[in-house]
Amino acid sequence: MNLKQIKWHSFESQASLDQAAMEKVIALAESSIKTRGQFHIVLAGGSTPKNVYTLLKNIKTDWHKWQIYFGDERCLDSDHQDRNSTMAFEAWLNHIDIPVQNIHTIPAELGPVEGAHVYNQTLSQVGDFDLVLLGLGEDAHTASLFPGHSWDNNLDALAVFDAPKPPPLRISMSPARLSRSKSVLFLVSGKEKQTAINQWKAGDLIPASTVTCNNGVDVFCFNVS
């Protein structure tokens, strides 16, 4: 990724980052619904996105025009507490009037191969996303794309067998699919992420840097510089 395409935003507090992220989601939702009648958003797991989801459950919008996808998922039972979808439902989606058919969870309970195959079929019916939300791990991973791994960018969804963080079996959107979005927003909080940020700013090839966007990538940071 051309480093000039990355827009870094630093915040003085976690609350101000969360608020700014919520406002960006709302603005993109409003403009997308106005221009094409729908808003397609990809969700991330993790504590920082969870804060934003908690805020979003109180906004006023036409939820029937939102289409929700997930960037990655752990291969666990569909209601397991460690799944990204479970977190999103508990923090946000259970509290709003959104049609169940508008929420496109990854069927990771089927296992990495079959689950990725099914999600590929789902994503093949979808054009570019309006917004992709992502986090950044201490090791510079994003979604379930880990350092030292290779990916088939011809696929939308990938089977992951050897994630270094448990559980090892996962499903992730490919970098190419995550990059097919009008906006990409990384949410990064915590001093433990500083090494990963340094690698990114130095131009190192890390998983996070494989996700690009024609409109540039926004990175909202707190407690890292």
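For the numbers below, each heavy atom of this structure counts, side chains included, while hydrogens, waters and symmetry mates do not. The first residue in the sequence is number 1, and the count goes up from there. On a predicted model such as this, the values are computed, not experimentally measured, just so you know.
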Between the side chain of [X] and the main-chain N/O of [Y], is any donor-acceptor distance below 3.5 Å?
{"X": "D62", "Y": "H64", "result": "yes"}
{"X": "T86", "Y": "H80", "result": "yes"}
{"X": "R170", "Y": "A163", "result": "no"}
{"X": "T61", "Y": "W63", "result": "no"}
{"X": "N215", "Y": "S183", "result": "no"}
{"X": "N84", "Y": "D72", "result": "yes"}
{"X": "S174", "Y": "L155", "result": "yes"}
{"X": "K193", "Y": "V224", "result": "no"}

Going hydrophobic residue to hydrophobic residue with side-chain gaps under 4.5 angstrom, can you get from [X] over to [Y]?
{"X": "L56", "Y": "V184", "answer": "yes"}
{"X": "L185", "Y": "L134", "answer": "yes"}
{"X": "L43", "Y": "V160", "answer": "no"}
{"X": "F89", "Y": "L76", "answer": "no"}

Do other residues, nucleotides or ligands put more than 12 heavy atoms under 6.0 Å from [X] [atom1]?
{"X": "K57", "atom1": "NZ", "result": "yes"}
{"X": "L205", "atom1": "CG", "result": "no"}
{"X": "K50", "atom1": "NZ", "result": "no"}
{"X": "N214", "atom1": "CG", "result": "no"}
{"X": "E12", "atom1": "CD", "result": "no"}

Could you state the interatomic distance from [atom1] ([X]) to [atom2] ([Y]), rounded to the nearest 0.5 Å?
{"X": "F220", "Y": "K7", "atom1": "CZ", "atom2": "NZ", "answer": "9.5 Å"}
{"X": "Q194", "Y": "K191", "atom1": "CD", "atom2": "NZ", "answer": "10.0 Å"}
{"X": "S31", "Y": "I33", "atom1": "OG", "atom2": "CD1", "answer": "8.5 Å"}
{"X": "I6", "Y": "C213", "atom1": "CD1", "atom2": "SG", "answer": "11.5 Å"}
{"X": "I171", "Y": "H117", "atom1": "CD1", "atom2": "NE2", "answer": "11.5 Å"}
{"X": "F39", "Y": "E30", "atom1": "CZ", "atom2": "CD", "answer": "10.0 Å"}

- Message: For S32, give me all partners under side chain to side chain donor-acceptor pair (under 3.5 Å), at least two apart in sequence or on another chain.
- Response: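 So S32 forms a side chain to side chain donor-acceptor pair (under 3.5 Å) with D130.
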For the residue pair [X] and [Y], what are the closest heavy atoms and their distance?
{"X": "S179", "Y": "T212", "value": "OG-N, 2.9 Å"}
{"X": "A116", "Y": "A157", "value": "O-CB, 3.7 Å"}
{"X": "A21", "Y": "L187", "value": "CB-CD2, 3.8 Å"}
{"X": "D139", "Y": "P147", "value": "O-CG, 3.0 Å"}
{"X": "Y119", "Y": "P107", "value": "CD1-CD, 3.9 Å"}
{"X": "T142", "Y": "A208", "value": "CG2-CA, 3.8 Å"}

Does [X] reach the side chain of [Y], with side-chain heavy atoms less than 4.5 Å apart?
{"X": "P175", "Y": "N153", "answer": "yes"}
{"X": "V211", "Y": "V217", "answer": "no"}
{"X": "T48", "Y": "V188", "answer": "no"}

- Message: Using a 4.5 Å cut-off between side-chain heavy atoms of Ile, Leu, Val, Met, Phe, Trp and Tyr, which other residues end up in the same hydrophobic cluster as V118?
- Response: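 Other cluster members: L110.
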- Message: Who clusters with F161? Use side-chain heavy atoms, under 4.5 angstrom, across I, L, V, M, F, W and Y, and order the result by chain and number.
- Response: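 For the cluster that includes F161, the remaining residues are V113, L169.
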- F146 vs H141 aromatic rings, parallel, tilted or perpendicular, using cut-offs 30° and 60°?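 Rings of F146 and H141: parallel, under 30°.
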- Can you say whether the rings of Y69 and H40 are parallel (under 30°), tilted (30 to 60°) or perpendicular (over 60°)?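 Because their plane-to-plane angle is under 30°, the rings of Y69 and H40 count as parallel.
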Pair [X], [Y]: side-chain N/O donor-acceptor within cut-off below 3.5 Å:
{"X": "T105", "Y": "E73", "result": "no"}
{"X": "Q14", "Y": "S189", "result": "yes"}
{"X": "N94", "Y": "E90", "result": "no"}

- Query: Among N120, L178, L158, I106, whose side-chain contact (heavy atoms from CB on, under 4.5 Å) with M173 holds?
  - Reply: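 So the option named by the test is L178.
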- Does the side chain to side chain contact (heavy atoms under 4.5 Å, CB included) test come out yes or no for E109 and R83, once each step is laid out? CA-CA 10 Å; E109 65 277 4; R83 279 183 57 134; 2.8 Å; yes
- Task: Give the intermediate values and the outcome of salt bridge (charged side-chain N to carboxylate O under 4.0 Å, His left out) for residues D218 and K24.
- Result: CA-CA 10 Å; D218 289 285; K24 184 172 181 65; 3.5 Å; yes
- Could you walk me through whether N102 and Q38 pass the side chain to side chain contact (heavy atoms under 4.5 Å, CB included) check? CA-CA 11 Å; N102 289 23; Q38 287 189 320; over 6 Å; no
- Please assess W92 against I68 for the test side chain to side chain contact (heavy atoms under 4.5 Å, CB included), listing each intermediate value before the final yes or no. CA-CA 12 Å; W92 175 23; I68 293 178; 4.0 Å; yes
